[in-house]
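Just so we're clear, the structure is a prediction, and the values are computed from it rather than from any experiment. A, B, ... follow the sequence lines: proteins, then strands. Residue 1 opens every chain.
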Amino acid sequence: MVKSGINVRLGRRAFLALAVMLIAIATSGTCAQPPAGMEIPENLPKLEGPVAITTIGQAPGAMQIGLLLKQLGVTNYVDTEENPLSADQLVGKGYKVLILHMGTSLKGMGAAGVDLNSEIARCNALVAEARKQKMFIIGAQIEGLKRRTDDSDERSNKAVTAVSDLLLIRAEIDHDKYFTNIAKDKKIPLIRTKEALDFRYALAVLFGKN
Amino acid sequence: MQTIQTIIGYLYYAIAAVIGIVIVANFVRSRDVRKMLLYAIVLSPFVLRVLRVK
Amino acid sequence: MADSKGNSLVIKIVVVALWLALIIPGGRQLAAHRNYEEAVVLGPGVTEVKKLSDWAPYVANTPNDCSIYVLDSGVPGGSMLVIGGTHPEEPAGVLSAVTIVENVVPTTGKIYVAVRANRSASTVTRPGDAYPQFFNINTDFGKRTFRMGDRWSNPLDSWPDPEVYVHYPSKQLLAYMDVRNLNRTWPGRPDGMITERTTRAFIDMIKAENIDIFVDNHEAELEYSVISTIVAHQAAADVAAMASMMLSAGEFNMGMEFSPTLLHGLSHREVGDHTDAYAFEIEVPEPFLDRVRGITDEALLLEGKDEFVMRAGQAGLLYEKIDENGWNIHERVGRTNSTIDMIVQMFAMFYPDKPITYESLPMRNDIVANGLGHYLLDPAQAEADRVVYE
């Protein structure tokens, strides 16, 4: 079967390419140069774990960041939909960094059982506790345009950017310079990446794993 | 539960058949061509359902 | 008076003749669609064809006693069940399953495929919405014809619907017609209505065969937010998140969603909750399903080009991009297959003790380059015992 042969070759090639990528991910080291399209500001803070991560709006981005941090060897805790991170969960765990991911669940607020008002109240309570504990707060958005579609996403963005010490986002969601302008106004660093996987490089730089 | 559903299903087919017969009776009694056409159109889904076509 | 009676009789005969002239050809078309035998050729990897009732006798002799294609490598490993045709109006899911059956050769583990998971729903379309009854895929040997279907099981197999559909066992109230929706009736029950029995049969099968990966193929309208995405049960979220990032970085944009814990009846929720399988749903874009679409025909179904959907996109009303190239069936099937493949590879990374490997799965780049038809086999050339009719 000729076409089978073609497919086998393509499959193996794809698999080899994937294997190379996986090896790159699995190792804690990163490339010397930033990935294409990434802008790394100077004078970034040197951060260390453990890290607590949640999404204000219950989108899955928090978990994606958690996976990348895990691969970098940075201890982290990602909350779940059933048990979203609360202020009292920040107490006594020694967290040094709080990552607030922006974006609301696309299954719809009702279907996902998410109420954005309560999510923003949770965000404010988390920030109040994090400040008490002198935690560094990163506002992140790894999922791109899929989480910048409606008013709910904008409210999540607004709530998180207002309290962040650093913004780490996909460049495509900054098409209107919303995040650039906020970073300028607040005089906080902004890291923009082209792809979700590029977050690994940015996180490696921030957590001294490069 | 499956038995109850089956019985209800058959009842609905019987109801559809009865309604179809009533429509046919009205069609036969009718003298107005517009009503005849109306009865014919209304009859269609009942016939298709009873014959298990649609 | 006699003339009047006579005239009336003549008019009635004419009306009946007209009615028969409409209803007989129309009825024949509907019956032909319902009874059409859709060929699936057993590829070199298929080792056995079973029926769903082999695991669940309560679906025997029902329209939903679908074929289950078994691709057994004979080498111990993981196991995967891919189902197409949950919603037969989403043909990429069906065709993805067909390409697996007709091409894939497993080398480790076992793959099960249902091409028509809700066969009943494939025996009815929506004439009122101008749905075509069939669609044809151009192949290297001519056309292969498939049944177009609906979202819900055929009312001829499940009638009447309840006033309110109370989902079992959550008791959640859902829309009445969703008692016929295969993606609202999981985990089902053996004495329920036909669609509930079907999902329960799959649950029994998944448990009996210790399925590790469960994939439910879907398509979505661009007006719907859950599109170009993998929806995953929380147990499978790590695998889906990595698959999403890898695909988006290397091939095409594919997001990820958590399966909502409070919305019941969906495969990714209930298969994950009621079995040990890691449950995923794949959604690729199908402009045919958009309510703002224009002419609804086979061309739209297969080419996915529509100026009205494009205008909706220009107005910022869509959750996925669309341009004059549309979303053709090659792209949609290809993306579905590549996503399945990435899920399998990420699963192997997280759970290396349950490998599933195979050869010859047509991937997105292959299908877009060569056309979907290149990966469909010719039923006329296959040996009779290597052709199954759905």
Pairing residues for T80(A) by the side-chain hydrogen bond (donor to acceptor under 3.5 Å, both in side chains) criterion, not counting sequence neighbours = none
Rounded to the nearest 0.5 Å, how far does [atom2] of [Y] lie from [atom1] of [X]?
{"X": "T229(C)", "Y": "K146(A)", "atom1": "OG1", "atom2": "NZ", "value": "5.0 Å"}
{"X": "L197(A)", "Y": "L247(C)", "atom1": "CG", "atom2": "CG", "value": "10.0 Å"}
{"X": "M245(C)", "Y": "I142(A)", "atom1": "CE", "atom2": "CD1", "value": "5.5 Å"}

task = Kindly give the heavy-atom pair with the smallest separation between Q58(A) and F258(C), and that separation in Å.
result = O-CD1, 3.9 Å
Sequence neighbours excluded - side chain to side chain donor-acceptor pair (under 3.5 Å) pairs with any residue from residues 237-252 of chain C = none
query = Should the heavy atoms of other residues, nucleotides or ligands under 6.0 Å from NZ of K93(A) be counted, would the total exceed 12?
reply = yes
key: Heavy-atom side-chain contact between M242(C) and Q71(A) under 4.5 Å   = yes
key: Residue-level interface, residues 188-196 of chain A with chain C, non-hydrogen cut-off under 4.5 Å   = E195(A), A196(A)
message = Can you list everything that forms a side chain to side chain contact (heavy atoms under 4.5 Å, CB included) with E172(A)? Sequence neighbours excluded, please.
response = L145(A), R170(A)
request  = Answer with side chain, backbone, both or neither: which region of Q64(A) has an atom nearer than 4.5 Å to a non-hydrogen atom of chain C?
outcome  = both
